[in-house]
Undergrad: 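Please find one structure pasted underneath; my questions will follow.
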Amino acid sequence: MAHKPPGHGSKSLLPCSNLAWLSYGCLKQDQTLIAVNAIGAALQTLYILVYLYYSPMKRPKLLQTLLLLAVLVTGYSYFTLLIADQQTRLAQLGLFCSIFTISMYLSPLADLAKIVRSKSTCCLSFPLTVTTFLASTSWTLYGLQLHDSYITVPNVPGIITSVVRFWLFWRYPPGQDKPYRPLHT
């Protein structure tokens, strides 16, 4: 049975999310959002390029990445060409970024039923869970400090899903995974 790497489905969402938040930061003139998301977008783009270079199955990932880039270019065109009012653009871009962020934080829970059924957390990454918890908590606190609900609200699901994953690691410790099924007599 093939094993899917942790976070496999959300990897190509990350540069799009970073680029969207970078646009939001530029529009809002928030240097923290600009710096963090410019670095994040560069690193994630590098990750995807290296992945595509070494991956034996380039076509599906390349098509997925191109589709997400098309969505991003369409969104960027919409926000820059069709919405003239800066406050309206900021509000709609904030909502767009929030939806991207929430979908990214909820994607690892797609395997929840499989984890509970198999009583195994082998498809979850503990370091990624810790990192997600710390990042989403930091962004939530930053959003609260700025009184910016577009930053605060979408990061709360990151905290909640991380707590759920911590509970899953506690409930089904990785050491108890068994590569075999017991025989019934």
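Note that the structure is predicted; figures quoted are calculated from it, not measured. All values below were derived from every heavy atom in this structure, side-chain atoms included, with hydrogens, water molecules and symmetry-related copies excluded.
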Undergrad: Has Phe169 got more than 12 heavy atoms of other residues, nucleotides or ligands less than 6.0 Å from its CZ?
TA: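 Yes - once you tally the heavy atoms of other residues, nucleotides and ligands closer than 6.0 Å, there are more than 12.
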Undergrad: Of Asn37, Asp148, Asp30, which is the lone residue that meets side chain to side chain donor-acceptor pair (under 3.5 Å) with Tyr24?
TA: Asp148
Undergrad: Would the distance check show the side chain of Thr88 and the main-chain N or O of Ala84 forming a donor-acceptor pair, the cut-off being under 3.5 Å?
TA: no
Undergrad: Which residue pairs pass the ring-ring contact (aromatic ring centres under 6.0 Å, His included) test when at least one of the two sits in residues 131-161, sequence neighbours left out?
TA: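 Of all non-adjacent pairs touching residues 131-161, those that pass ring-ring contact (aromatic ring centres under 6.0 Å, His included) are Phe133-Phe166, Trp139-Tyr142.
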Undergrad: Whether the side chain of Thr152 engages the backbone of Leu144 through a donor-acceptor N/O pair (distance < 3.5 Å, no angle test) should be reported.
TA: yes
Undergrad: Would you confirm whether the ring centroid of Tyr78 sits within less than 6.0 angstrom of the ring centroid of Phe96?
TA: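 So the answer is no for these two rings.
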Undergrad: So which heavy atom on Pro157 is nearest to which on Pro154, and how close?
TA: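 It is CD-O, 3.2 Å.
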Undergrad: For the backbone of Ile83 and the side chain of Arg89, can you confirm whether one donor and one acceptor N or O come within less than 3.5 Å of each other?
TA: yes
Undergrad: Can you classify the ring geometry of Tyr51 versus Tyr47 as parallel (below 30°), tilted (30 to 60°) or perpendicular (above 60°)?
TA: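 Correct class here is parallel.
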Undergrad: With distance as the sole test, does Thr121 use its side chain to make a donor-acceptor pair with the main-chain N or O of Tyr172 at under 3.5 Å?
TA: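 Checked: pair present.
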Undergrad: Indicate yes or no: at least one non-hydrogen side-chain atom of Leu124 is less than 4.5 angstrom from one of Ile115.
TA: yes
Undergrad: Closest heavy-atom contact between Cys123 and Lys114?
TA: SG-CE, 4.1 Å
Undergrad: If we ignore hydrogens and angles and just use 3.5 Å, is the side chain of Ser107 paired with the main-chain N or O of Met104 as donor and acceptor?
TA: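 Pair found, side chain donor or acceptor close to backbone of Met104.
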Undergrad: So, do Thr132 and Arg165 sit near enough that their side-chain heavy atoms are less than 4.5 Å apart?
TA: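 Side-chain contact under 4.5 Å: yes.
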Undergrad: Does the side chain of Thr101 reach to within under 4.5 Å of the side chain of Trp21, using non-hydrogen atoms?
TA: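 Yes; the side chains approach each other to less than 4.5 Å.
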Undergrad: Here's a test for you: under side-chain contact (heavy atoms from CB on, under 4.5 Å), which of Leu49, Ile48, Leu43 qualifies with Thr45?
TA: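 The passing option is Leu49.
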Undergrad: Under 4.5 Å between any side-chain heavy atoms of Leu63 and Leu67, yes or no?
TA: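 Counting from C-beta outward, Leu63 and Leu67 never come under 4.5 Å.
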Undergrad: Transitively linked via ILVMFWY side-chain contacts under 4.5 Å: Leu90 with Val153?
TA: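 Result: no, two separate clusters.
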Undergrad: Using modelled atom types and a 3.5 Å cut-off, is there a donor and acceptor pairing between side-chain atoms of Ser136 and backbone atoms of Ile159?
TA: yes
Undergrad: Hey, does the side chain of Gln44 reach the backbone of Asn18 with a donor-acceptor pair shorter than 3.5 angstrom?
TA: no
